[in-house]
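Shown next, in structure tokens, is the structure this report addresses.
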Amino acid sequence: MKNLFCTLVLLCSVNLFFGQSFKKFENNKEVSSFVINKDLFSDLEINTNGKDQEDKKIIDFLKKIEFVKVFSTSNDELRGDMKAVAKKYKKNKSLEQLMKYSANGKEASFLMKTNKKDELEELMIFVEGSGKNDSVLILFSLS
């Protein structure tokens, strides 16, 4: 029972940390942000009668979306913070590298996590910026 309690506390603290880390970007004037929560997609009332299989798959996929978060900044300090948060998120969520692109000493990383059915559960894309180019962090989560 004690182990279960410790595990729950640890899980909650990790979620709380990342929730607060991303809130820092959402509420900052130096960061452009775009956030969609699951309510937008779960409340969709789409009539699937007469739709083909492909349309039904897309509708089912949209209903599984938990959130989509996009953050972008050209502020050097916030770029560093964004990179650090992305690195910690990758480690703590055990994301696997899907693809990596490097150019001019900067890189873009595509990381993902799948469930036991080998279906996409989370996707994180981080594009490191420099000079006038923004750093961009994109988070995408499915239920």
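Atom CE of residue Met124 and atom CE of residue Met112 lie 13.0 Å apart, to the nearest 0.5 angstrom. To the nearest 0.5 angstrom, Lys38 atom NZ is 10.0 Å from Ser141 atom OG. Note that CG of Asn28 is 9.0 Å distant from CG of Asp81, once rounded to the nearest 0.5 Å. Annotation: the span from Phe140 atom CZ to Ile65 atom CD1 amounts to 4.0 Å, rounded to 0.5 Å. Ser33 contributes atom OG, which lies 14.0 Å from atom NZ of Lys24 (distance to the nearest 0.5 angstrom).
Taking the six-membered ring for Trp and thresholds of 30 and 60 degrees, Phe25 and Phe71 have ring planes inclined between 30 and 60 degrees apart.
In this structure, Ser135 contributes its side chain and Gly129 its backbone to a donor-acceptor pair below 3.5 Å. Looking only at distances, no side-chain donor or acceptor of Asn37 sits under 3.5 Å from a matching main-chain atom of Asp39. Looking only at distances, no side-chain donor or acceptor of Ser109 sits under 3.5 Å from a matching main-chain atom of Lys100. A side-chain donor-acceptor contact under 3.5 Å links Arg79 to the backbone of Ser74.
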query: Glu96 and Lys113: salt bridge (Lys or Arg N to Asp or Glu O under 4.0 Å), yes or no, with the steps?
result: CA-CA 6 Å; Glu96 297 176 26; Lys113 183 175 183 177; over 6 Å; no
query: Hey, mind stepping through Val35 and Val68 against side-chain contact (heavy atoms from CB on, under 4.5 Å) and telling me if it holds?
result: CA-CA 6 Å; Val35 178; Val68 177; over 6 Å; no
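Heavy atoms of other residues, nucleotides or ligands lying less than 6.0 angstrom from CD of Glu119 number more than 12.
Residues Leu95 and Tyr89 form a side-chain contact, since some pair of their non-hydrogen atoms from C-beta on lies under 4.5 Å apart. Using a 4.5 Å cut-off on side-chain heavy atoms (C-beta onward), Leu98 and Leu111 make no contact. A 4.5 Å side-chain heavy-atom check between Glu26 and Lys69 finds at least one atom pair inside the cut-off.
Between Lys93 and Glu122 there is a salt bridge, since a side-chain N of the basic residue sits under 4.0 Å from a carboxylate O of the acidic one.
With Phe126 as reference, Met82 is the one residue of Lys87, Glu107, Lys90, Met82 to meet the side-chain contact (heavy atoms from CB on, under 4.5 Å) rule.
Residues Thr73 and Asp134 bring no donor and acceptor atom of their side chains to less than 3.5 Å of each other.
At a threshold of 4.5 Å between side-chain heavy atoms, the hydrophobic network of Ile, Leu, Val, Met, Phe, Trp and Tyr places Tyr101 and Ile125 in two separate groups.
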